[in-house]
Amino acid sequence: MRITRYAAAFAALGVVLAGCSSEAGDTVEDAADAPVEVEENVDFEAGTTMAELAEAGTMTVGTKFDQPGFGLRTPAGTPEGFDVEVAKIIAAELGIAPEDITWTETVSANREAFIEEGRVDMVVATYTINDDRKQRIDFAGPYYEAGQDIMVAEGNPLGIQGPEDLAGKNVCSVEGSTPAEEIRTNYPEAQLTLFDVYSKCADALANGQVDAVTTDNVILTGLVAGSPDQFDLVGNPFTEEPYGIGIPKGDDEFRAFINDTLEQAYESGAWAEAWDSTAGAISGTEAPEPPAVDRY
Ligand code: GLU
């Protein structure tokens, strides 16, 4: 299984490297970030979102800009991370090259609104699938399963082992996120501080303004990896956070297309390669078994 996966990933990388040699400006680094071949002869039924996007040759993707390993804006202005790679895989299947994607920062609280208002074509942003959100938008996927965890100051001076230990402590999370909702609902004795993005929570923990930060384990892993002398991960996940790709409500064809594309990427090794080159590289973990997509 591993051999097949790597063989597929290297074959895909080879294709991209070959493509780069004919395009000035592309670097090998770009190729490593984009181990997918951009479809050249796309043909979608007229009137579908796929046909519209393929015709436009460009699409707008909402993602995070401050989450190392999933969506982090580089000095060059483009983001990198697992979510970014998943978005590139979907765009490639529409015939859209990575450099033709417009990236828009979507923070936790504005994702549904950005999709509803058509400001983005899809959101790939550590976005938990749930019924509340499904009232406003639809989700393809899941393409990853995270779990809520806690980040504390290095050495865990307060001995926080799980969410019960947050009673009477100052814990930071983000407005409009499922982890904030989980604390508010099930751990009301915790003092919740909310910002719009997780990097501000990390700053607050570093400054001693809060005792802990809570969100998905993989987001916290990226923050700990960036400041191992300052932060520790408790490592005791207590919720399930299946990550989906947010799209406009009722666009069933687009949802089925993205689900098909995810399954293909699981098969070809492109999904695992995306993991290995981003979140996997930061956390030192191998790609897990991908979750089954939910064609609800
Ligand atoms: N996955 C959770 C959510 O969608 C937390 C991460 C985030 O805020 O993006 O609310």
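In listed order, ligands and their atoms are each counted from 1. In this chain, residues are counted from 1 in sequence order.
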- What part of Gln148, side chain, backbone, both or neither, has a heavy atom within less than 4.0 angstrom of ligand 1? neither

- Distance to 0.1 Å, residue and atom name: give those for the protein heavy atom nearest to atom 2 (C) of ligand 1. Thr178 OG1, 3.2 Å

- Query: Does ligand 1 have any atom that is closer than 4.0 Å to a heavy atom of Lys64?
  - Reply: yes

- Query: Do the side-chain N and O atoms of Tyr198 and Asp203 include a donor-acceptor pair separated by under 3.5 angstrom?
  - Reply: no

- Task: Would you please say whether a donor-acceptor pair under 3.5 Å links the side chains of Glu112 and Tyr127?
- Result: yes

- Query: Does a donor on one side chain and an acceptor on the other come within less than 3.5 Å for Asn186 and Glu182?
  - Reply: yes

- In terms of atom number and element, which parts of ligand 1 are under 4.0 angstrom from non-hydrogen atoms of Ser108? 7 (C), 8 (O), 9 (O)

- Any non-hydrogen atom of Val174 lying under 4.0 Å from ligand 1? no

- With a 4.0 Å heavy-atom cut-off (strictly under), which part of Thr128 contacts ligand 1: side chain, backbone, both or neither? both

- Query: Between the side chain of Asn156 and the main-chain N/O of Gly159, is any donor-acceptor distance below 3.5 Å?
  - Reply: yes

- Query: Quick one: does Glu175 get a heavy atom under 4.0 Å from ligand 1?
  - Reply: no

- Note on the structure: Taking only non-hydrogen atoms of Tyr127 and a 4.0 Å limit, the atoms of ligand 1 in range are 4 (O)

- Item | Distance filter under 4.0 Å to Ile219 heavy atoms, resulting ligand 1 atoms | 6 (C)

- Query: Centroid-to-centroid, Trp103 to Phe65, below 6.0 Å?
  - Reply: no

- Query: Does an N or O from Arg111, backbone or side chain, lie closer than 3.5 Å to an N or O of ligand 1?
  - Reply: yes

- Query: In terms of atom number and element, which parts of ligand 1 are under 4.0 angstrom from non-hydrogen atoms of Ala125?
  - Reply: 9 (O)

- CD/Glu154: more than 12 non-hydrogen atoms of other groups inside 6.0 Å: yes

- State yes or no: are the ring centers of Phe139 and Tyr243 separated by less than 6.0 Å? no

